[in-house]
Amino acid sequence: MDTHFSQPLPFSGDVAEIMKTRARGSVPMAYIRTYGCQQNVADGEKMKGILAEMGFQFTETPEDADFILFNTCAVREHAEDRVFGNVGALKNIKRRYPSVMIAVCGCMTEQEHVAERLKRSFPFVDIVFGTNAIHRLPEMMYTAAADSKRVFLRGEQSGVIEGLPVRRDKTSHGWVTVMTGCDNFCSYCIVPYVRGREKSRKPEDIVREFQELVDAGYKEITLLGQNVNSYGKGLSESINFAELLRRLDSIDGDYRIRFMTSHPKDASEELFTVMAESRHIPHCIHLPFQSGNDRVLKEMNRKYDREKYLSLIRFARSVMPDISFTSDVIIGFPGETYEEFRDTLSLIEEVEFTNLFTFIYSPRVGTKAAEMPDPVSHEEKTKWFAELLRVQEEIASRRGQSMIGRKERVLVENREEKSGLLAGRTAGGLIVLFPGEDCQIGQYAWTEITEARGLQLKGLPVSE
Ligand code: SAH
Ligand code: SF4
Ligand code: F3S
């Protein structure tokens, strides 16, 4: 069931009053730290919207905050360890300023053992809530403040929530969630357990938010979902992701549409055809393959094989000869042999990805793969990892060299500290460093690539 909120949210007025009296300064301050993927970043922007509506301003320093929120990620063990370390460090702040309210939310908290550990070992954490409870933030803060109770709220199965306020971090790049959750249950992955089942937003709600961003001058709008290509499941209107893209692309304006993540089992020829015919979608796609070996793919429950993946790549190239691909890869899945890993290497060489996000397998409690025998040592996996990076670096270096002399229109993102140069992103997703003025940040600029070190591109400004 969909829920549409109109502002103010329930309890937000009460919390605003209470927090005004608890604040150490003249205005209540909030510190939000987000880990993990863009989905979490988008959730963080919604929670900022809710807090802003309650009169909060934001600080980058936890010591200055009256409300501290950690928005966590559970995808790999390393991510979780960091969160526990950083949440632990908040104990001192709470000791110094007992009125500070501390909350932990996001994917980690949806796991029973994590919630239990927070309850037992982190008594200074006031609120723990899961990924589907964002809209109840004012209510939870009210209970924690007015009733002086610790609040634990997980496992909410809300439908699609519309109408929450959003405070966007950037004025040129915006996120639009098209679907949440995941039904795929890849055997290594915790996401379906912590994000719940797939839910698609209605196309008219997506179009409305998208149009607002275009009207506000956003230049790059990224459509988000764990598996955007299965968009449309469960909606009363019959619509798929390719059709949604077609509708959005028909909106006039000077902007780029990106989207992530695409699961190869659901990526269709129609999707690539829409991309080829579009006005706003750059010819690049993030298409995680995870492994190049059929036995490992089957054990991973990915529901495609190497040939299906490669045939998608061939089709995409036939309709967009200039398309570039990025991908995610897992090394050292339980039971993977060196020979099987070499199939991953050969796939990388065959496709020539522009960029790869490479991960060593990390067991996640409650997933199927965590129960599988995993005889290869971490040390051995680290060696494979290094081998893969060497192969990818060579590909990146070749790709970088082939860019020299090309004219590229980039969207300027920021000024890079180290070089003092502007950093702009090409349609294909690469960063070009070039000299320019601060007023160009958030705008498009034309550059000519003059230098490449790996995929580190440098350029000079040129006219169109
Ligand atoms: N929905 C996206 C991926 C989300 S998680 C998709 O299916 O493409 C982002 C990436 O983290 C995954 O693509 C995978 O490469 C990696 N990942 C997920 N679980 C992992 C685990 N247990 N160990 C190592 N890497 C993992
Ligand atoms: Fe995880 Fe697979 Fe779902 Fe991606 S598609 S979020 S890897 S279960
Ligand atoms: Fe992490 Fe949750 Fe995203 S586990 S990768 S923040 S969906």
Side-chain angles (χ1 to χ4, degrees), residues 33-44 47 70-83 104-111 114 130-132 134 154 175 177-199 223-231 233 259-267 285-292 296-297 299-304 309 325-334 336 344 348 353 355-372 374 378 381-382 384-385 388:
R33 172 133 188 211
T34 292
Y35 299 81
C37 65
Q38 297 310 331
Q39 207 103 55
N40 255 19
V41 173
D43 286 350
M47 290 188 279
F70 274 59
N71 184 16
T72 63
C73 169
V75 81
R76 281 170 294 275
E77 196 177 351
H78 177 68
E80 291 200 348
D81 289 346
R82 261 177 49 212
V83 169
V104 181
C105 69
C107 295
M108 263 175 81
T109 64
E110 286 288 358
Q111 303 170 97
V114 172
T131 49
N132 286 320
I134 286 172
R154 306 167 31 244
W175 320 109
T177 301
V178 301
M179 50 93 66
T180 57
C182 180
D183 291 351
N184 289 320
F185 291 93
C186 301
S187 61
Y188 50 82
C189 185
I190 195 74
V191 172
Y193 302 90
V194 295
R195 284 269 169 188
R197 296 292 62 74
E198 285 181 9
K199 281 167 259 160
L223 310 178
L224 294 181
Q226 287 304 338
N227 181 12
V228 289
N229 291 309
S230 70
Y231 172 77
K233 256 204 268 174
F259 52 89
M260 59 186 187
T261 297
S262 294
H263 193 303
K265 87 176 162 60
D266 298 309
I285 186 168
H286 185 64
L287 196 61
F289 69 92
Q290 314 295 359
S291 163
V296 175
L297 282 171
E299 290 292 302
M300 285 178 163
N301 194 29
R302 290 290 286 182
K303 301 194 176 82
Y304 55 85
Y309 187 83
F325 300 93
T326 59
S327 197
D328 293 349
V329 193
I330 297 177
I331 286 127
F333 181 80
E336 184 178 32
T344 291
I348 290 170
F353 296 95
N355 205 358
L356 277 184
F357 299 88
T358 41
F359 308 105
I360 294 185
Y361 168 74
S362 168
R364 307 283 60 214
V365 175
T367 61
K368 227 171 147 199
E371 308 296 318
M372 297 178 184
D374 189 3
H378 190 75
K381 291 181 185 182
T382 311
W384 300 0
F385 190 76
L388 187 146

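One-based numbering, in listed order, for ligands and for the atoms of each.
- At least one side-chain heavy atom of Met372 sits less than 4.5 Å from a side-chain heavy atom of Phe333.
- Interface atoms of ligand 2 facing Pro192, defined by a heavy-atom separation under 4.0 Å, are 8 (S).
- Among all non-hydrogen protein atoms, the one lying nearest atom 7 (S) of ligand 3 is Gln226 NE2, 3.2 Å.
- With contacts defined as side-chain heavy-atom distances shorter than 4.5 Å, the pair Arg33/Asn71 does not qualify.
- For Tyr188, a nitrogen or oxygen atom sits less than 3.5 Å from a nitrogen or oxygen atom of ligand 1, counting backbone and side chain alike.
- Of the polar atoms of Arg364, none of the N or O atoms is found under 3.5 Å from an N or O of ligand 1, judged by distance alone.
- Ring centroid separation for the pair Phe357 and His286 comes in under the 6.0 Å cut-off.
- At least one heavy atom of Ile360 sits closer than 4.0 Å to an atom of ligand 1.
- Using a 4.0 angstrom heavy-atom cutoff, Asn227 does not count as in contact with ligand 1.
- Residue Tyr188 touches ligand 2 through its side chain alone, judged by heavy-atom distances below 4.0 Å.
- Not a single heavy atom of Gln38 sits less than 4.0 Å from an atom of ligand 3.
- At a 4.0 Å heavy-atom cut-off, ligand 1 touches Gln226 through backbone and side chain alike.
- If you number the atoms of ligand 2 from 1 as listed, the ones under 4.0 Å from a heavy atom of Phe185 come out as 8 (S).
- Where the criterion is an N or O separation shorter than 3.5 Å, residue side chain and backbone included, His263 fails it with respect to ligand 1.
- Proximity of Arg302 to ligand 1, defined as any heavy-atom pair under 4.0 Å, is confined to the side chain (atoms from C-beta onward).
- In this structure, Glu336 and Glu299 have side chains that are not in contact, with every pair of non-hydrogen atoms separated by 4.5 Å or more.
- Here Phe359 has side-chain heavy atoms under 4.0 Å from ligand 1, and that is the only part of it that gets that close.
- For the side chain to side chain contact (heavy atoms under 4.5 Å, CB included) criterion with Cys186, the lone passing option out of Lys303, Gln290, Arg302, Met300 is Arg302.
- Between His263 and Tyr304, the ring center distance clears the sub-6.0 Å criterion.
- Ile190 and Val365 get closest at one heavy-atom pair: CD1-O, 3.5 Å.
- Protein heavy atom at the shortest distance from atom 4 (S) of ligand 3 is Ala74 N, 3.2 Å.
- At a heavy-atom distance under 4.0 Å, only side-chain atoms of Pro288, from C-beta outward, approach ligand 1.
- Residue-ligand proximity: Arg302 is placed with a non-hydrogen atom under 4.0 Å from ligand 2.
- In terms of protein heavy-atom proximity, atom 2 (Fe) of ligand 3 is nearest to Cys107 SG, 2.2 Å.
- Here the OH-CG distance, from Tyr361 to Asp374, works out to 6.5 Å after rounding to the nearest 0.5 Å.
- No side-chain heavy atom of Pro192 sits under 4.5 Å from any side-chain heavy atom of Asn184.
- With a 4.5 Å cut-off on side-chain heavy atoms, Thr367 and Tyr188 do not count as touching.
- Close contacts of ligand 2 with Cys189, meaning ligand atoms under 4.0 Å from a residue heavy atom, involve 1 (Fe), 6 (S), 7 (S), 8 (S).
- Counting heavy atoms under 4.0 Å from ligand 2, residue Cys186 touches it through both backbone and side chain.
- In summary, the atoms of ligand 2 found under 4.0 Å from a heavy atom of Gln226, numbered by their order in the structure, are 6 (S).
- In summary, the atoms of ligand 2 found under 4.0 Å from a heavy atom of His263, numbered by their order in the structure, are 5 (S).
- Scanning the protein heavy atoms around atom 3 (Fe) of ligand 2, the nearest turns out to be Cys182 SG, 2.2 Å.
- Using a 4.0 Å heavy-atom cutoff, Val191 is absent from the residues neighbouring ligand 1.
- Considering backbone and side-chain N/O atoms, Gln290 comes within less than 3.5 Å of an N/O atom of ligand 1.
- A distance-only check finds a donor-acceptor pair linking the side chain of Thr72 to the backbone of Met108 [under 3.5 Å].
- Using the six-membered ring where Trp is involved, Phe353 and Phe325 have ring planes that are perpendicular, over 60° apart on the 30 and 60° scheme.
- Side-chain contact between Thr344 and Val329 is present, with at least one heavy-atom pair separated by less than 4.5 Å.
- Of the protein's heavy atoms, Asn184 ND2, 3.3 Å lies nearest to atom 5 (S) of ligand 2.
- For Lys368, the NZ atom sits in a loose shell: 12 or fewer heavy atoms of surrounding residues, nucleotides or ligands are nearer than 6.0 Å.
- For the side chain to side chain donor-acceptor pair (under 3.5 Å) with Asp183, the qualifying choice from Lys233, Gln226, Lys199 is Lys233, the only one to do so.
- Of the protein's non-hydrogen atoms, Cys37 SG, 2.3 Å is the one closest to atom 3 (Fe) of ligand 3.
- Contact between Arg195 and ligand 3 is present, with at least one heavy atom of the residue lying under 4.0 Å from the ligand.
- Without hydrogens or angle criteria, Glu110 side chain to Thr131 main chain gives a donor-acceptor distance under 3.5 Å.
- Of all protein heavy atoms, the one closest to atom 1 (Fe) of ligand 3 is Cys73 SG, 2.4 Å.
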